[in-house]
S.K.: 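This structure is in structure tokens; I'll ask about it shortly.
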Amino acid sequence: MQVIDNDITYMRMAINMAHQAARENEVPVGAVIVHKDRVIARAYNQVELLKDPTAHAEIIAITQAASALENWRLLDTVLYVTKEPCPMCAGAIVQARIPRVVWAMTDPLRGGGRSLFNILQCKALNHHVEICSGILEEDGKDLLQTFFQKKRITGPS
């Protein structure tokens with residue numbers, strides 16, 4: 001894991017997007033994609049809003065970034081996300097050829113990036129992703145834990 005100068009700055013942006021998700025009663029996950037030190041995508045989970053199980057922060061950000069670059073290959077980009085990508089998102093990251101992913105908290109129960117499934121660095125796939133984890137981990141973890149504690153008290157909406 002190699003931390004790069006702006007990792008914390010961009011992760012803070014992703015955490016701000018996760019806060020937006022929480023305000024909208026979505027699971028608080030946020031994502032930012034940077035291309036050559038310029039933010040080209042910002043997104044948060046919108047599964048409930050869009051009634052779409054694929055509307056994860058990473059998927060929405062990948063779509064925005066592909067549109068911004070006018071290319072499905074997201075070369076020279078970095079994806080910042082507040083939680084380790086699920087298997088669906090990890091697959092999309094590989095397909096988009098994103099070279100580096102940085103996440104705040106690891107998800108040992110559902111993680112598709114490295115912990116449960118190692119999709120991002122799977123030798124059988126044609127693209128392998130550099131991973132940096134644990135950037136502002138406590139912030140990401142606190143946000144998710146607080147959200148689900150409230151859910152347990154108030155029930156699903």
Side-chain angles (χ1 to χ4, degrees), residues 6-35 38-69 72 74 77-122 127 129-157:
N6 291 326
D7 283 350
I8 292 172
T9 298
Y10 293 128
M11 185 58 71
R12 279 198 174 99
M13 289 180 191
I15 288 171
N16 286 339
M17 297 307 296
H19 279 287
Q20 180 64 33
R23 285 191 292 274
E24 295 185 22
N25 206 29
E26 297 278 356
V27 174
V29 176
V32 170
I33 297 180
V34 176
H35 177 257
R38 183 176 65 94
V39 175
I40 59 170
R42 296 173 199 243
Y44 56 90
N45 276 3
Q46 297 181 43
V47 172
E48 300 297 335
L49 174 70
L50 299 177
K51 311 287 188 259
D52 178 356
T54 69
H56 289 197
E58 300 96 319
I59 301 293
I60 295 168
I62 287 169
T63 300
Q64 290 174 0
S67 179
L69 295 179
W72 63 269
L74 301 182
T77 62
V78 179
L79 167 65
Y80 294 87
V81 62
T82 57
K83 185 182 78 57
E84 179 182 358
C86 72
M88 174 185 68
C89 293
I93 290 163
V94 169
Q95 290 301 313
R97 312 297 196 272
I98 296 173
R100 184 169 185 260
V101 175
V102 179
W103 66 72
M105 64 170 283
T106 296
D107 185 353
L109 299 177
R110 291 169 287 289
R114 180 171 55 198
S115 58
L116 183 60
F117 300 102
N118 190 4
I119 295 169
L120 297 181
Q121 296 179 330
C122 177
H127 177 72
V129 179
E130 177 188 336
I131 296 169
C132 180
S133 61
I135 303 297
L136 300 179
E137 181 176 10
E138 289 305 313
D139 294 359
K141 195 180 289 186
D142 289 346
L143 185 55
L144 273 168
Q145 287 174 342
T146 300
F147 177 81
F148 285 113
Q149 285 170 353
K150 287 179 184 175
K151 281 284 187 199
R152 283 189 286 280
I153 293 168
T154 62
S157 55

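Just so you know, these numbers come straight off a predicted model, no measurement behind them.
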S.K.: Who pairs with Ser115 by side-chain hydrogen bond (donor to acceptor under 3.5 Å, both in side chains), at least two apart in sequence or on another chain?
M.R.: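 By the side-chain hydrogen bond (donor to acceptor under 3.5 Å, both in side chains) rule, Ser115 matches Glu84.
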
S.K.: Could I get the full list of side-chain hydrogen bond (donor to acceptor under 3.5 Å, both in side chains) partners for Arg42, not counting sequence neighbours?
M.R.: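 By the side-chain hydrogen bond (donor to acceptor under 3.5 Å, both in side chains) rule, Arg42 matches no residue at all.
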
S.K.: With sequence neighbours excluded, tell me which residues meet side-chain hydrogen bond (donor to acceptor under 3.5 Å, both in side chains) with Arg38.
M.R.: none

S.K.: Minimum heavy-atom separation for Ala90 and Gly113, please, with both atom names.
M.R.: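 Minimum heavy-atom contact is CB-N, 4.3 Å.
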
S.K.: Any side-chain heavy atom of Leu49 sitting closer than 4.5 Å to one from Glu26?
M.R.: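 Leu49 vs Glu26: side chains touch.
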
S.K.: Mind checking salt bridge (charged side-chain N to carboxylate O under 4.0 Å, His left out) for Arg110 and listing every partner two or more places apart, or none if nothing turns up?
M.R.: Asp107

S.K.: On a heavy-atom basis, which atom in Ala41 and which in Ala65 lie closest, and how many Å separate them?
M.R.: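 Heavy atoms only, the tightest pair is CB-N, 3.8 Å.
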
S.K.: Under the side-chain contact (heavy atoms from CB on, under 4.5 Å) test, which residues partner Asp139, sequence neighbours left out?
M.R.: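 For Asp139, the residues satisfying side-chain contact (heavy atoms from CB on, under 4.5 Å) (neighbours in sequence not counted) are Ile15, Leu136.
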
S.K.: What distance separates Leu143 CG from Lys83 NZ, expressed to the nearest 0.5 Å?
M.R.: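 The distance works out to 12.0 Å.
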
S.K.: Compare every heavy atom of Arg23 with every heavy atom of Asn16, then report the nearest pair and how far apart it is.
M.R.: O-NH2, 4.4 Å

S.K.: Ignoring hydrogens, what is the shortest heavy-atom contact between Ala18 and Gly30? Give both atom names and the distance.
M.R.: CB-N, 3.5 Å

S.K.: Below 4.5 Å, heavy atoms only, C-beta onward: do Tyr44 and Ile60 meet side chain to side chain?
M.R.: no

S.K.: Are the side chains of Pro87 and Ile119 in contact, using a 4.5 Å heavy-atom criterion?
M.R.: yes

S.K.: Who passes side-chain contact (heavy atoms from CB on, under 4.5 Å) against His35, sequence neighbours left out?
M.R.: Ile40, Leu69, Asp76, Thr77

S.K.: Should Asp7 and Cys132 be marked as a side chain to side chain contact (heavy atoms under 4.5 Å, CB included) after you check the CA-CA gap, both sets of side-chain angles, and the distance that decides it?
M.R.: CA-CA 9 Å; Asp7 283 350; Cys132 180; 4.2 Å; yes

S.K.: Side chains of Leu109 and Leu116: closer than 4.5 Å at any heavy-atom pair?
M.R.: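 A side-chain contact under 4.5 Å is absent here.
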
S.K.: Does Glu130 offer a backbone N or O that forms a donor-acceptor pair with the side chain of Gln121 under 3.5 Å?
M.R.: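 No.
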
S.K.: Who are the ring-ring contact (aromatic ring centres under 6.0 Å, His included) partners of Tyr10, not counting sequence neighbours?
M.R.: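 Per chain and number, Tyr10 pairs via ring-ring contact (aromatic ring centres under 6.0 Å, His included) with Tyr80.
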
S.K.: With a 3.5 Å distance limit and no angle check, can you tell me whether His56 reaches the backbone of Cys89 through a side-chain donor-acceptor pair?
M.R.: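 No.
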
S.K.: Taking side-chain contact (heavy atoms from CB on, under 4.5 Å) as the test, write out the residues that go with Thr54, two or more places apart.
M.R.: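 Counting only residues at least two positions away or on another chain, Thr54 forms a side-chain contact (heavy atoms from CB on, under 4.5 Å) with Asp52, Met88.
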
S.K.: Between Phe147 and Val27, is there a side-chain heavy-atom distance shorter than 4.5 Å?
M.R.: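 Counting from C-beta outward, Val27 and Phe147 do come under 4.5 Å.
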
S.K.: Taking the side chain as every heavy atom from C-beta outward, state whether Val102 and Arg100 have any pair of such atoms under 4.5 Å apart.
M.R.: yes

S.K.: Sequence neighbours excluded, which residues qualify as salt bridge (charged side-chain N to carboxylate O under 4.0 Å, His left out) partners of Glu24?
M.R.: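 In terms of salt bridge (charged side-chain N to carboxylate O under 4.0 Å, His left out), with neighbours along the sequence ignored, Glu24 is linked to no residue.
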
S.K.: Just how far is it from atom CH2 of Trp72 to atom CZ of Arg97, taken to the nearest 0.5 Å?
M.R.: 4.0 Å

S.K.: Which atom pair, heavy atoms only, marks the closest approach of Met11 to Ala104?
M.R.: CE-N, 3.6 Å

S.K.: Tell me, do Ile62 and Ile33 make a side-chain contact under 4.5 Å, heavy atoms counted?
M.R.: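 They are in contact (side-chain heavy atoms under 4.5 Å apart), so the answer is yes.
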
S.K.: Sequence neighbours excluded, which residues qualify as side-chain contact (heavy atoms from CB on, under 4.5 Å) partners of Thr146?
M.R.: Lys150

S.K.: If you look at every heavy atom in Ala22 and Pro28, which pair is closest and at what distance?
M.R.: CB-CB, 3.9 Å

S.K.: Kindly compute the distance separating CD1 (Ile135) from CD1 (Ile8), expressed to the nearest 0.5 Å.
M.R.: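 Here the rounded value is 6.0 Å.
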
S.K.: For the backbone of Ala21 and the side chain of Asn45, can you confirm whether one donor and one acceptor N or O come within less than 3.5 Å of each other?
M.R.: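 No, because the side chain of Asn45 does not come within donor-acceptor range (under 3.5 Å) of the backbone of Ala21.
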
S.K.: List in chain and number order the residues that pass side-chain hydrogen bond (donor to acceptor under 3.5 Å, both in side chains) with Asn6, two or more places apart in sequence or in another chain; answer none if no residue qualifies.
M.R.: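 With neighbours one apart ignored, the set is Asp37.
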
S.K.: Sorted by first residue and then second, give each salt bridge (charged side-chain N to carboxylate O under 4.0 Å, His left out) pair with at least one member in residues 10-22; sequence neighbours left out.
M.R.: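 Qualifying pairs: none.
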
S.K.: Regarding Arg114 and Thr106, is there a side-chain donor-to-acceptor distance under 3.5 Å anywhere?
M.R.: no

S.K.: Taking the side chain from Thr82 and the backbone from Gly140, do they hold a donor-acceptor pair closer than 3.5 Å?
M.R.: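 No, the answer is negative, given that no donor and acceptor are paired below the 3.5 Å cut-off.
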
